[in-house]
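Beneath this line is the structure, given in structure tokens, with notes to follow.
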Amino acid sequence: MSKKVRVRFAPSPTGGLHLGGVRTVLFNYLFAKQQGGDFIVRIEDTDQKRFVAGAEAYIFDCLQWCGLTPDESVVQGGPYAPYRQSERKELYRQYAEQLIKDGHAYYAFDTPAEIEQMRELLKIKGSSSLQYDHAVRMNMNNSLRLLPEETQQLLQAGTPYVIRIKIKADEFINFTDLIRGDISFDTNVVDDKVLLKADGMPTYHLAVVVDDFLMKITHAFRGEEWLPSAPVHILLWQYLFGLNHMPQWAHLPLILKPDGNGKLSKRDGDRLGFPVYAMDWSDPVTHEVSKGFKELGFLPEAFINLLAALGWNDGTEQEIFSMEELIDKFSIEKVHKGGAKFDFEKAKWFNHEWIKKLEVDQYAARVKIIFESNGITISDDNYLKRVMELVKERCTLLPDFFTQGSFFFMAPVSVDTAAIAPKWDEKKNMFFMELIKAWQLSTLWNATDLELSFKELAAANQLKTGELMLPLRIMLVGGKFGPGVFEIADAIGKEATIKRIEHTLSLLQ
């Protein structure tokens, strides 16, 4: 019997959750659910210098909005708690010390000034590498060069140190990536990464391996920017736990700028006018707010859909996928190796399609907030939903419901009489005067009867209906937009309809 699939996502609480991060979560989640396994979120907060207050809560808020609920995390708990690495600090040292004992790591007492001096000397010599590696380690202040008693004296004196992995020269490290196939690394270009820092905290390299083993992680999907770290992690698995326990890895392609030239960044979003974070992120230091997809007016279903399309498809022409369909059809083998260009217009298309696809009940609460933030109090939720049904085909982002539907709740602030005036004459003016009287006396008020009476009156006055429809629309909504004009009149009611016609007639005098 095969072991249960356990897939993890390990974010660092250092800022907003960007597109690449959420897509990584999504692919981990889809694979776990498809395989009937568990999706684990572990907080990687070992770099306390980069820790940002509020970032951890923000991460879980984003996951909740996206519908990517972990099976185990600092929020849900689980059998392998704690799920926050800073709370696991004490257990990592024993593994770092074991590596030293077995000859795979060493104490390094170098000061920042000494390391900088080493790099300056390498620059002077014209070296292509400024790394702390096999070529320089025997010239540095570490336990490989020092006598054992000298090392002990430094340790007993409380001299600050880090523990570094010892990378052997002239070897090749190989592994099979689920997306990229067989990959090989030359150890001559791999540096002796720090595993345990001077403050006793592990680096990502040691912590991720130890935690993946202890938490029985079977698969890990991460961005391709982590590929250079793979040889260090493979060696740590080999030295500590055995490669047979190592999770299967998949390194996801980058999300690229719209022009395909490099990785998409927040700066690109700022420059081109679109968000790169799932939700608004407020920097606690600068108080700068980076716009998020949620606040811009995206539905979570659309956001998930567009992320899935960035680097994956199921081999068909289908583009709109529900979460259930994604879980059913997702295949890691169909994730692309090359980077995926981000297209904001395509992203908005996904949102438009989901606005049309979903029942308005599913997002009416968010639209209500938008209306009320623009000064319109919604006292009848059912009326709001009726309006939303009428205008949803014209909405790409949720704020468009206000733009497209505000006139259902209040008379338009301005009326585009300039679009009416060129073809306006006394005959049309008389028609609308008669229409007001007819509709005032009417006991029926629904779109079908309103249209019928309108056309009958137009015929009686020997006017073409088409020449009268645009003026009526502008009278009711203020411009050349909106759903069916008689549906509008039906919705806003007799009193509001007649008042708006009368107001526009006064402007046309």
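All values below come from the heavy atoms of this structure, side chains included, with hydrogens, waters and symmetry mates left out. Here the structure is a predicted model, which means the values were calculated and not measured.
Applying the salt bridge (charged side-chain N to carboxylate O under 4.0 Å, His left out) definition to pairs two or more places apart or across chains, those involving residues 85-108 are Arg84-Glu87, Arg88-Asp211, Arg93-Glu97. Applying the ring-ring contact (aromatic ring centres under 6.0 Å, His included) test to every pair with at least one member in residues 43-68, sequence neighbours left out, gives these pairs: Tyr58-Trp281, Trp65-Phe303.
When side chains are defined from C-beta on, Asp170 does not count as touching Thr187, because their heavy atoms never get closer than 4.5 Å. The closest side-chain heavy-atom distance from Asp182 to Asn174 is not below 4.5 Å. Contact of the Ile320 side chain with the Phe350 side chain is registered, since non-hydrogen atoms from C-beta on lie closer than 4.5 Å. Residues Leu178 and His219 have side chains in contact (heavy-atom distance under 4.5 Å, counting atoms from C-beta outward). Between Ser86 and Met201 there is a side-chain heavy-atom pair separated by less than 4.5 Å. Residues Ile183 and Leu227 have side chains in contact (heavy-atom distance under 4.5 Å, counting atoms from C-beta outward). Looking only at side-chain heavy atoms (C-beta outward), Ile304 and Met323 come within less than 4.5 Å of each other. Contact of the Asp400 side chain with the Arg394 side chain is not registered, since no non-hydrogen atoms from C-beta on lie closer than 4.5 Å.
For the atom pair Leu252 CG and Trp226 CH2, the distance stands at 13.5 Å (nearest 0.5 Å). One distance of note links CD1 of Ile40 with CZ of Arg8; it measures 10.0 Å at 0.5 Å rounding.
Residues satisfying the salt bridge (Lys or Arg N to Asp or Glu O under 4.0 Å) criterion with Lys291, sequence neighbours excluded, are absent altogether. In this structure, the ring-ring contact (aromatic ring centres under 6.0 Å, His included) partners of His205, at least two apart in sequence or on a different chain, are His233. For Phe342, the ring-ring contact (aromatic ring centres under 6.0 Å, His included) criterion is met by Phe274, not counting sequence neighbours.
In summary, Arg119 and Glu114 do not engage in a salt bridge, as defined by a charged side-chain N under 4.0 Å from a carboxylate O. Salt bridge present: Lys346 and Glu319 bring a charged side-chain N and a carboxylate O closer than 4.0 Å. One finds no salt bridge joining Asp270 and Arg267 here, because no Lys/Arg side-chain nitrogen approaches an Asp/Glu carboxylate oxygen to under 4.0 Å. The residues Asp71 and Lys33 are annotated as salt-bridged, a charged nitrogen and a carboxylate oxygen being separated by less than 4.0 angstrom. Using a cut-off of 4.0 Å between Lys/Arg side-chain N and Asp/Glu carboxylate O, Asp343 and Lys341 are scored as not salt-bridged. Between Arg137 and Asp192 there is a salt bridge, with a side-chain nitrogen of the basic residue lying less than 4.0 Å from a carboxylate oxygen of the acidic one. Salt-bridge formation is not detected for the pair Asp268/Lys263: no Lys NZ or Arg NE/NH1/NH2 atom is positioned less than 4.0 Å from an Asp or Glu carboxylate oxygen.
Around atom CD of Gln117, no more than 12 heavy atoms belonging to other residues, nucleotides or ligands sit under 6.0 Å away. Counting heavy atoms of neighbouring residues, nucleotides and ligands inside a 6.0 Å radius, atom NZ of Lys392 exceeds 12 of them.
Side-chain contact, Gln318 with Lys329: a donor N or O sits under 3.5 Å from an acceptor N or O. Under the 3.5 Å distance criterion, with hydrogens and angles disregarded, a donor-acceptor pair is assigned to the side chains of Ser331 and Glu333. Side chain to side chain, Tyr83 and Glu72 meet the donor-acceptor criterion of an N or O pair below 3.5 Å. For the residue pair Tyr132 / Asp110, a side-chain donor-acceptor distance below 3.5 Å is found, with atom types taken as modelled. No hydrogens or angles considered: nothing links the side chains of Tyr161 and Asn142 as a donor-acceptor pair under 3.5 Å. Side-chain N/O atoms of Arg180 and His251 include no donor and acceptor closer than 3.5 Å. Asn188 and Asp186 form a side-chain donor-acceptor contact under 3.5 Å, judged by distance and modelled atom types alone.
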- Kindly indicate, with the supporting measurements, whether the criterion side-chain contact (heavy atoms from CB on, under 4.5 Å) is fulfilled by Leu63 and Thr69. CA-CA 6 Å; Leu63 298 187; Thr69 305; over 6 Å; no
- Worked check of ring pair (Phe, Tyr, Trp, His ring centres under 6.0 Å) between Phe241 and Tyr95: CA-CA 10 Å; Phe241 309 116; Tyr95 294 101; 5.5 Å; yes
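Using the six-membered ring where Trp is involved, Phe401 and Tyr363 have ring planes that are tilted, between 30° and 60° apart. Between Phe213 and His245, the ring-plane angle classifies as perpendicular under the 30° and 60° cut-offs. Taking the six-membered ring for Trp and thresholds of 30 and 60 degrees, Phe371 and Phe402 have ring planes more than 60 degrees apart, a perpendicular arrangement. Ring pair Trp312/Phe330 is tilted by interplanar angle, where 30° to 60° counts as tilted.
Panel note: side chain Ser73, backbone Val41; no donor-acceptor pair is recorded below 3.5 Å. Glu150 places a side-chain N or O within donor-acceptor distance of the main-chain N or O of Leu147, the cut-off being under 3.5 Å. Counting only distance, with no hydrogens or angles, the side chain of Lys216 and the backbone of Val5 share no donor-acceptor pair below 3.5 Å. Here the side chain of Ser127 pairs no donor or acceptor atom with the backbone of Leu122 at under 3.5 angstrom. A donor-acceptor pair is defined here as one N or O able to donate and one able to accept, closer than 3.5 Å; no such pair exists between the side chain of Glu44 and the backbone of Ser12.
For the side-chain contact (heavy atoms from CB on, under 4.5 Å) with Leu30, the lone residue among Val7, Ile332, Leu68, Ile327 that qualifies is Ile327. Of the options Phe221, Phe31, Phe9, Tyr29, a ring-ring contact (aromatic ring centres under 6.0 Å, His included) to Phe39 is made by Tyr29 and by none of the others.
Shown here for Arg42 and Val208, the closest heavy-atom pair between the two residues is NH2-CG2, 3.6 Å.
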Can you give each donor-acceptor pair under 3.5 Å made by side-chain atoms of residues 17-27, sequence neighbours left out, with the distance rounded to 0.1 Å?
unit_1: His18; atom_1: ND1; unit_2: Gly20; atom_2: N; d: 3.0
unit_1: His18; atom_1: ND1; unit_2: Gly21; atom_2: N; d: 3.1
unit_1: Arg23; atom_1: NH1; unit_2: Pro253; atom_2: O; d: 3.3
unit_1: Arg23; atom_1: NH1; unit_2: Leu310; atom_2: O; d: 2.7
unit_1: Arg23; atom_1: NH2; unit_2: Pro253; atom_2: O; d: 2.1
unit_1: Thr24; atom_1: OG1; unit_2: Gly20; atom_2: O; d: 2.9

